[in-house]
K.L.:
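I'd like to ask some things about the structure below.
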Amino acid sequence: MGGLPPVNDRECVRWVGRLVQSGLSLIAVGFDHAVVGHAVLCPMKKKTCEMLITVSPQYQKSGVGTQLLRSVIQFAYELGFHRIWISVDKTNFVAIHLYTKSGFERLTFTDSPQLEMALDLKRYHPTAQLKVKAVMNRKVIAVNQGL
């Protein structure tokens, strides 16, 4: 997936474009039809995918990230992945707590600013019998890539 997004706006737009093209996305949309969160799974190797979740700042700490995480875990499970891998900033304690609570385990114990975590989906048991495809919207709204 290419690590963290670039700081430069133009490069960031390209980076997001590559994510959208190569990844499998779930989008959280507010009542006003604005995008409030995005989760993407990028296949890696050996039934492993990398995951990235972003939530719009004004919707953080409102439960959007938790619901998006639950949905993307279910989505990865339904797609047949065996493992989800993530890299998170060690100072992002809210995200680390959420990932740990959801079953992710720490893989690294180094001085690196990034913490690697993984979720073993072979041990995952869906909490709901509802499939993601039953609630997803296939009429996707395109986001203008020009800044």
K.L.:
Distance check, rounded to the nearest 0.5 Å: E105 atom CD versus R123 atom CZ?
P.N.:
5.0 Å
K.L.:
If you take all heavy atoms of V55 and Q60, which pair is closest and at what distance?
P.N.:
O-NE2, 2.9 Å
K.L.:
Tell me the closest heavy-atom pair linking F81 and P43, and the distance in Å.
P.N.:
CZ-CG, 3.9 Å
K.L.:
Evaluate whether atom CG of D111 has more than 12 neighbouring non-hydrogen atoms of other residues, nucleotides or ligands under 6.0 angstrom away.
P.N.:
no
K.L.:
For a quick test of reading the model, state the closest non-hydrogen atom pair linking H38 to L68 and the distance between them.
P.N.:
N-CD2, 3.5 Å
K.L.:
Taking all heavy atoms of A28 and all of V64, pick out the closest pair and write down the distance.
P.N.:
CB-CG1, 4.1 Å
K.L.:
At their closest point, which heavy atom of V40 faces which heavy atom of G23, and how far apart are they?
P.N.:
CG2-CA, 3.8 Å
K.L.:
Pair I96, T100 - check side-chain contact (heavy atoms from CB on, under 4.5 Å), show working.
P.N.:
CA-CA 6 Å; I96 293 169; T100 302; 4.0 Å; yes
K.L.:
Any chance you could measure L115, atom CG, to K90, atom NZ, to the nearest 0.5 Å?
P.N.:
6.5 Å
K.L.:
So, applying side chain to side chain donor-acceptor pair (under 3.5 Å) with S87, which one of E50, E116, Q114 is it?
P.N.:
Q114
K.L.:
Check the pair D120, R83 against side-chain contact (heavy atoms from CB on, under 4.5 Å), reporting the backbone distance first and the verdict last.
P.N.:
CA-CA 5 Å; D120 182 357; R83 186 172 187 239; 5.7 Å; no
K.L.:
Between V36 and G30, which heavy-atom pair has the shortest distance, and what is it?
P.N.:
CG1-N, 3.9 Å
K.L.:
Indicate yes or no: at least one non-hydrogen side-chain atom of I73 is less than 4.5 angstrom from one of L69.
P.N.:
yes
K.L.:
Are L98 and M117 linked, directly or through intermediate hydrophobic residues, by side-chain heavy-atom contacts shorter than 4.5 Å (ILVMFWY only)?
P.N.:
yes
K.L.:
Enter the distance from L79:CG to Q74:CD here, rounded to the nearest 0.5 Å.
P.N.:
10.0 Å
K.L.:
Show the numbers, then the answer: is there a side-chain contact (heavy atoms from CB on, under 4.5 Å) between L119 and Y99?
P.N.:
CA-CA 9 Å; L119 175 66; Y99 296 143; over 6 Å; no
K.L.:
As an exercise, state the distance from SG of C49 to CD1 of I86, rounded to the nearest 0.5 Å.
P.N.:
11.0 Å
K.L.:
Report yes or no: do S56 and Q58 form a side-chain donor-acceptor pair below 3.5 Å?
P.N.:
yes
K.L.:
Cluster question for you: counting only ILVMFWY and a side-chain heavy-atom cut-off of under 4.5 Å, with indirect links fine, are Y59 and L26 together?
P.N.:
yes
